[in-house]
Amino acid sequence: MRDMDDSFAHALETLTSAQREAVEHIEGPLLILAGPGSGKTRVVTHRVANLLHHGVAPREILALTFTNKAADEMRSRLERLAPQQPVWIGTFHRFCARLLRRYARYVGLSENYTIYDTADSSKALRMALEELSLNLAHFTPDQLAQAISWAKNELITSEQYQPRPGNPLGAVVAKVYPAYQRRLLASNAVDFDDLLMHVATMLRENPELRSSLDAQYRFILVDEYQDTNLAQYAIVRALSVDFPNLAVTGDPDQSIYGWRGANLKNILEFEKDFPEVKVVRLEQNYRSTKTILRAADALIAHNKHRKKKALFTDNDEGRPVRLTVYPTHRDEAEGIVSTIAAAIHAGRRRPSDFAVFYRTNALSRTLEEAFREHAVPYQIVNGVEFYQRKEIKDVIAYLQLINNPQNDVAFMRIINLPSRGIGKTTLARLSDYAGQKRMSRLEAARQCKDISTIKPSEAKSVREFVSLYDDLASRAIRPVEEILGHVLTKSGYHDVLKNSDVPEDQERLANIEELVTAAREFDERFPEQDSPLEAFLEQASLVNDIDAMESSSDVVTLLTLHAGKGLEFPVVFVTAIEQGLLPHELNREDEFKLEEERRLLFVGMTRAEEELHLSMASYRTFRGQRHPTIASPFLMELPRDEMDVEEIRSSRFADPSWDDAPSHDDSYFDEPAMQVGELNEEREARSSPTHLLSTAAELLPDASPSTTGDAEKISPDVFRLGMTVIHPTYGLGKITAISGTGAKRTATVNFCLNPGETKFRLAYSPLRPAQK
DNA sequence: ATGCGCCAAGTTTTT
DNA sequence: CTTGGCGCAT
């Protein structure tokens, strides 16, 4: 105990006075206005430690974040400061899921409810539309879903929803929303928005429950408060009435979730909500160099709807911000990865020092390829989401139905999967019957021989499915790996894939093996669950990246600008800073949305500690088509005179289509080049064709020799179970196990010279198939 | 009833 | 370039 006192006292000494003021605040509301890099997470974690130090029970502290990444970060930092304390740290959605698990009956659910992801919700919506037999000529289900989501975030329940007169979409929503909500309830399921809305309404309608939870969570911390929507705001408010020990941190300049209902008013009017509030401003930046900060500040200063705030730092001046204009997106990826690889090989940096940012997930592809080619280890945060893949969703649907037999979406997904000869007509009849009798479709399936419209031959297949289900469900409270194993074998799903000659089915099998591994790890990590399955499913629906379960490793991080909030890296690359991507096409028109895009770039730039590299490509292949790009207007807002601006003219990437490019088509080719010229402050370039990136010839590869050095890389996908392989050090071996895909594809190899098992991440290993 | 193959469409960000 | 929906052929 004494040790802890000493070390904690020491920790406090390292804080500045402003930081300490926030850390030492105990009771009463607290607003921390924290600029980027002002040590906010440090303040928050120290404050939690300080509360614990003052005898607050860990279970009375609740820390809420927006992303899993941010929660992980906070958890691991707190762990270092105050080890082994059961403080609840997690996302809003996760917190609500837990709460709802306990108080499901308050909102008409049972505790084993299912969380529908966006795809499941969309299926449920379609089911609701079918039930209504509504003809929606004018609106797509997507538009309806969006409108419903908006209403939920505004805490408008299906009963309360009143369209504005003369709003045609609203009129349809008024019909669909209640039907959709009934469908969810009948399936004992919720969508993402429900998690928040149910909890908010539950707290509003049950004063006793509200006050007991208020008392239970006496100290609440909310990170990134500028991103709360009305539902989140209502939840936090409801839990801070009798014990208004609510501490929020935020920065209006980093508000980037307006599109999902975040309301800046929540932070701007915090002082009105809690007149007694103590306000602490953390304005000094401890993260970035002066140069980086000046650039970021120059950018954000262009936002008109903003309180002015000067960022300052005592850090070094640092190296100039770099802006590189590459000929193509592939050159961009190549350039970035070579820069990273060179720094690592020179021993100046390690992979985890780097982060590469992009606006949309689709942009990660090219980068990924380059990382693999250079064998630089990387991880993608929220990439092509693992849990969204078809085969994973299929298997998860089995698990969901085992856990919640009312889950109609899961039922419809798997009843004929693998194919059992149960067709559309039979299912339509079954669904009708279930609708009339107000029962789940699984229940209807049990009674299918009583359904007059279903032929006995069909009924037989359905009954077989029901007995398969009952067999699987009998193991519902076993460890997840065991359940999963039975699902895969008994359903026939595994064998169908295994015996398939469709090449990608083997990859699917590998993905499923990865899911089994995740299940095993889950079982090991949380051995004492009442229902391991339920906990696993919750995790699976609220975390879309399987890596979140793994410990962090020494790899380069690739992520969207949104995912980057709250993180920092010594070296940051922000890519594809082009009109249409950043700012995104859809947000270019609206002044407020445009400002949010600017904040997004601001967030990206301020992640950097020592080096900031910005880049764009003059030509980008998008949706299979090569297009000339236009530099982002944001680039013109940066202090280019103090930056290193470089335009690379020669492409390393040959592309036959270049030859077809009409070099005389001025309107298309001049535009990007002109923008580039402006960037270089070479205004005279406008009239000088030699400065234009206009001709195909200029862009053709002059660097073909550059590829000679690289040994040809082998795609991880060519490796198969049982394959004989060769390794430069270990020699010949045989693959005894293989799982995953892409960068994560991992093989276990048994070498002749080195018996036993050696594991490889294939993308990074020098392993090759042996010659036939 | 199933399954394949074609065509069209649609592309943001997170839980 | 992907995904999803639909229609046709088996």
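Computation of the quantities below employed the complete heavy-atom set of this structure, encompassing side-chain atoms and omitting hydrogens, waters and symmetry-equivalent molecules. We name chains A, B, ... by the order of the sequence lines, and we start the count at 1 in each one.
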Show each protein N/O and nucleotides 2-7 of chain B N/O combination with a separation under 3.5 Å, one pair to a line.
{"unit_1": "B/dT2", "atom_1": "OP1", "unit_2": "A/G421", "atom_2": "N", "d": "3.4"}
{"unit_1": "B/dT2", "atom_1": "OP1", "unit_2": "A/G421", "atom_2": "O", "d": "3.0"}
{"unit_1": "B/dT2", "atom_1": "OP1", "unit_2": "A/I422", "atom_2": "N", "d": "2.5"}
{"unit_1": "B/dT2", "atom_1": "OP1", "unit_2": "A/I422", "atom_2": "O", "d": "3.1"}
{"unit_1": "B/dT2", "atom_1": "OP1", "unit_2": "A/G423", "atom_2": "N", "d": "3.3"}
{"unit_1": "B/dT2", "atom_1": "OP2", "unit_2": "A/I422", "atom_2": "O", "d": "3.3"}
{"unit_1": "B/dT2", "atom_1": "OP2", "unit_2": "A/G423", "atom_2": "N", "d": "3.3"}
{"unit_1": "B/dG3", "atom_1": "OP1", "unit_2": "A/S419", "atom_2": "OG", "d": "3.1"}

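Straight-line distance from the CZ atom of A/R389 to the P atom of C/dG4: 14 Å, rounded to whole Å. Taking atom CD on A/Q143 and atom P on B/dG10, their separation rounds to 10 Å, with Å as the unit. Going from atom CG of A/L99 over to atom P of B/dT15 covers 20 Å, rounded to whole Å. In this structure, A/L581 places its CG atom 11 Å from P of B/dT13, rounding to the nearest Å. Between the CG atom of A/D142 and the P atom of B/dT13 there is a distance of 14 Å, given to the nearest Å. As a whole-Å value, the separation of A/R330 CZ from C/dC1 P is 12 Å. Atom NE2 of A/H198 is separated from atom C1' of B/dT15 by 15 Å (rounded to the nearest Å). Atom-to-atom, CZ of A/R429 to C1' of B/dA1 comes out at 12 Å; the value is rounded to the nearest Å.
Taking 4.0 angstrom as the limit, A/N68 places a side-chain polar atom (N or O) nearer than this to OP1 or OP2 of B/dT15. Within the structure, a side-chain polar atom (N or O) of A/R365 is placed less than 4.0 Å from OP1 or OP2 of C/dT2. Contact annotation: A/N361 side-chain N/O to B/dT14 OP1/OP2 distance is under 4.0 Å. Proximity of A/T560 to the phosphate of B/dT14: a side-chain N or O atom is located under 4.0 Å from OP1 or OP2.
Using a 4.0 Å heavy-atom criterion, one finds that A/Y257 contacts the sugar-phosphate atoms exclusively.
Here the side chain of A/D120 pairs no donor or acceptor atom with the backbone of A/A410 at under 3.5 angstrom. Judged purely by atom type and a 3.5 angstrom limit, A/E369 has no side-chain atom pairing as donor or acceptor with the backbone of A/T366. Judged by distance alone, the side chain of A/N416 and the main-chain N or O of A/S419 form no donor-acceptor pair under 3.5 Å.
Checked against B/dT14, B/dT12, B/dT15, the side chain of A/R359 finds its nearest nucleotide in B/dT12. Closest contact between the side chain of A/T360 and the listed nucleotides B/dA1, B/dT12, B/dT15 involves B/dT12. Of all nucleotides listed (B/dT12, B/dT14, C/dG5), B/dT12 comes nearest to the side chain of A/L586. The side chain of A/T91 sits closest to B/dT15 out of B/dT15, B/dA1, B/dT13.
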task: Please report the C-alpha distance between A/R75 and A/D72 in whole Å, then the side-chain angles of each, then the deciding distance to 0.1 Å, and finally whether the salt bridge (charged side-chain N to carboxylate O under 4.0 Å, His left out) criterion is met.
output: CA-CA 5 Å; A/R75 197 174 298 118; A/D72 290 346; 3.1 Å; yes
message: Determine whether A/Y113 and A/L184 satisfy the following criterion, side chain to side chain contact (heavy atoms under 4.5 Å, CB included), listing intermediate values before the conclusion.
response: CA-CA 10 Å; A/Y113 72 87; A/L184 288 175; over 6 Å; no
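Ring geometry for A/Y225 versus A/Y233: interplanar angle of 30 to 60°, hence tilted.
The ring of A/H93 has its center no closer than 6.0 angstrom to the ring center of A/F66.
With the nearest nucleotide of DNA chain B identified for both A/T426 and A/F92, A/T426 has the one nearer the 5' end. In this structure, A/Q146 and A/H93 both approach DNA chain B, and ranking their closest nucleotides by distance from the 5' end singles out A/Q146.
For the C1' atoms, the distance from C/dG4 to B/dT13 is 22 Å, rounded to whole Å.
Listed here is the closest heavy atom pair of A/A231 and A/L196: CB-CB, 3.9 Å. A pairwise comparison of heavy atoms in A/A444 and A/I451 identifies O-CD1, 3.9 Å as the closest pair.
Within residues 596-605 of chain A, no residue is approached by DNA chain B to less than 4.0 Å at the level of any non-hydrogen atom.
Evaluation of the salt bridge (charged side-chain N to carboxylate O under 4.0 Å, His left out) test over residues 139-153 of chain A, restricted to residues two or more places apart or in two chains, returns A/K152-A/D191, A/K152-A/D194.
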